[in-house]
Each structure stands twice: as structure tokens, then as C-alpha cells.
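The basis for the numbers below is simple: all heavy atoms, side chains too, and nothing from hydrogens, waters or symmetry mates.
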Amino acid sequence: YKKMARFYQTAPIQFAEIEKTVHPDLFVTLGVETYPFIQIYRNGQCVAAHGTESDKMFEPIVNDTIQRELTMTAEDWNTFLTTFEIPIRASTEKLNSLRVRQTSPV
């Protein structure tokens, strides 16, 4: 995570780290089952999610995804969003449920 965040520090993307022992509810809500794991969001929508049990495979997979998505045209994105509308909507609903929980009074 930190190595990739440094590598992409000048790209128009941000990285955030969540510790499972501190926020286990987030992992359940977001469906995280393997580690390391990353979700990639664009305009508030989860457009990619990757998890692998191998640290050696994780970085190349994520780098490939980030590079591909950084070079997509508006037309590419429209096609992608249409093709993957259902899983993107499901991931967005999970994220929105976390936002609602975060802003709800305790």
C-alpha cells in the first residue's frame, strides 16, 4: 500500500489504508475476504476490487488495473460503467451504507 501510494503520488488518485483490527465492520460490509485487498473508486463508485493471498501477485495486478484505468477515455468509461452496472451499483450501495452509519447519531 505505502509503496504504491508513493509511486502514484503525482497521479490523480488517492490511497487510504484501513486496519481490520480497528474497523472489522468495514471489512464485512465491503466483502473483504483476502489480504492484501484493494478497492478502486472513481466518482464515488467502486470500479475495481482485487484481493489475493500472494503479496507477489498483488502489486502487478493492481498496477495493471491502475494504469489501464488512468488511460481510459470518456467513451471507454461509459462502456465500462454500462457493462458492469450491476456490480458497481452493489458496491456503491455498500459504500453508501457505511456513509449512513458513519453520520448516524450513536
Interatomic distance, Ile88 atom CD1 to Thr83 atom OG1 [nearest 0.5 angstrom]: 8.5 Å

Mind listing the closest non-hydrogen atom pair of [X] and [Y] along with its distance?
X	Y	value
Met4	Val62	CE-CG1, 2.9 Å
Val47	Glu69	CG2-OE1, 3.6 Å
Asn78	Thr82	O-OG1, 2.9 Å
Tyr8	Gln67	OH-NE2, 3.0 Å

Mutual orientation of the aromatic rings belonging to Phe80 and Trp77 [parallel < 30°, tilted 30-60°, perpendicular > 60°]: perpendicular

side-chain hydrogen bond (donor to acceptor under 3.5 Å, both in side chains) between Asp76 and Thr73, worked out: CA-CA 5 Å; Asp76 293 337; Thr73 65; 3.2 Å; yes

Glu93/Arg89 salt bridge by N-O under 4.0 Å criterion: no

Worked verdict on Leu26 versus Lys20 for side-chain contact (heavy atoms from CB on, under 4.5 Å): CA-CA 8 Å; Leu26 295 178; Lys20 183 179 181 182; over 6 Å; no

Side-chain donor/acceptor of Asp64 to backbone N/O of Pro60, under 3.5 Å: no

